[in-house]
Student: 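Before anything else, here's the structure in question.
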Amino acid sequence: MDGPDSDDTAWHVVAEHDDAAALIDTLLELDSEASFTKTELSDRADVPLKSLYLNGTLDAITELGLLEKRERDGEEPLYSVADDSDAFAAARSFGNVIRAAASTDP
């Protein structure tokens with residue numbers, strides 16, 4: 001990320017990837033000790049695999065620090081929640097604030 005005027009801000013990345021918000025919401029609910037394939041993440045987030053993988057959403061979310069990617073020789077990579085990252089803590093905090101606001105709406 002180059003700075004506040006950059007097109008690569010976290011908000012811009014989420015806006016540019018149609019299913020990024022659904023993936024982030026799913027990550028907040030996943031077991032941080034588990035590892036997932038891109039197909040498993042797609043299924044859990046209920047978004048098309050093409051959107052997550054081919055459109056670069058998984059890579060973008062990984063670059064933001066919400067996911068960790070582990071390459072494996074001859075097999076597809078595994079992903080795990082980066083629950084110790086500042087980005088993940090911010091996403092969790094944001095989710096909690098939104099849930100709290102929604103539960104107090106008349």
Side-chain angles (χ1 to χ4, degrees):
M1 315 273 157
D2 297 325
D5 295 327
S6 171
D7 284 343
D8 292 333
T9 65
W11 291 116
H12 186 263
V13 169
V14 172
E16 286 295 308
H17 296 275
D18 292 337
D19 293 312
L23 177 60
I24 292 168
D25 193 44
T26 298
L27 296 179
L28 295 174
E29 303 300 322
L30 293 178
D31 177 2
S32 62
E33 300 296 318
S35 295
F36 305 91
T37 65
K38 60 185 176 251
T39 302
E40 291 168 331
L41 288 172
S42 170
D43 291 345
R44 289 182 182 246
D46 196 28
V47 297
L49 180 59
K50 179 180 178 181
S51 178
L52 290 186
Y53 186 65
L54 296 179
N55 293 345
T57 303
L58 279 176
D59 288 338
I61 296 303
T62 301
E63 288 176 20
L64 288 177
L66 298 170
L67 275 174
E68 294 174 352
K69 181 179 180 180
R70 185 169 42 108
E71 297 288 346
R72 303 183 300 164
D73 288 337
E75 297 183 59
E76 71 176 289
L78 290 177
Y79 296 86
S80 57
V81 174
D83 69 339
D84 60 347
S85 73
D86 291 341
F88 191 82
R92 174 168 276 141
S93 179
F94 180 74
N96 291 339
V97 168
I98 297 302
R99 282 185 201 92
S103 68
T104 60
D105 284 342

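Sequence positions, counted from 1, serve as the residue numbers for this chain.
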Student: Can you list every pair that meets salt bridge (Lys or Arg N to Asp or Glu O under 4.0 Å) and has a residue in residues 29-49, with sequence neighbours left out?
Tutor: Glu29-Arg99, Lys38-Glu76

Student: Run the side chain to side chain contact (heavy atoms under 4.5 Å, CB included) test against Ala87 and tell me which residues pass, sequence neighbours left out.
Tutor: Leu66, Ser85

Student: How far apart are the closest heavy atoms of Ala20 and Thr57, and which atoms are they?
Tutor: CA-CG2, 3.9 Å

Student: Going from CG on Leu41 to CG on Leu27, what distance comes out if it is rounded to the nearest 0.5 angstrom?
Tutor: 6.5 Å

Student: For Lys69, what residues pass the side chain to side chain donor-acceptor pair (under 3.5 Å) criterion, not counting sequence neighbours?
Tutor: Glu71

Student: Using every non-hydrogen atom in the two residues, find where Ser42 and Pro48 come nearest and quote the distance to one decimal.
Tutor: OG-C, 3.5 Å

Student: Would you say the side chain of Ile61 lies within less than 4.5 Å of the side chain of Leu52, judging by non-hydrogen atoms?
Tutor: no

Student: Check whether any side-chain heavy atom of Val47 sits under 4.5 Å from a side-chain heavy atom of Asp18, and report yes or no.
Tutor: no

Student: Identify the heavy atoms of Arg92 and Leu28 that sit nearest to each other, and give their distance.
Tutor: NH2-O, 3.4 Å

Student: Please report the shortest heavy-atom distance between Ala82 and Gly65, naming the atom on each side.
Tutor: CB-O, 3.3 Å

Student: Rounded to the nearest 0.5 Å, how far does CG of Asp83 lie from OG of Ser32?
Tutor: 3.5 Å

Student: In Å and rounded to the nearest 0.5 Å, what is the CD1 to CZ distance from Ile24 to Phe94?
Tutor: 9.5 Å

Student: To the nearest 0.5 Å, tell me how far Phe88 CZ sits from Leu64 CG.
Tutor: 13.0 Å

Student: If every non-hydrogen atom of Ser80 is compared with every non-hydrogen atom of Ala34, which pair is closest and at what distance?
Tutor: CB-O, 3.4 Å

Student: Would you check if Asp59 and His17 make a side-chain contact, meaning some heavy-atom pair closer than 4.5 Å?
Tutor: no

Student: Indicate yes or no: at least one non-hydrogen side-chain atom of Leu58 is less than 4.5 angstrom from one of Leu67.
Tutor: yes

Student: Just by modelled atom types, is the Ala89 backbone N or O under 3.5 Å from a matching donor or acceptor in the Ser93 side chain?
Tutor: no

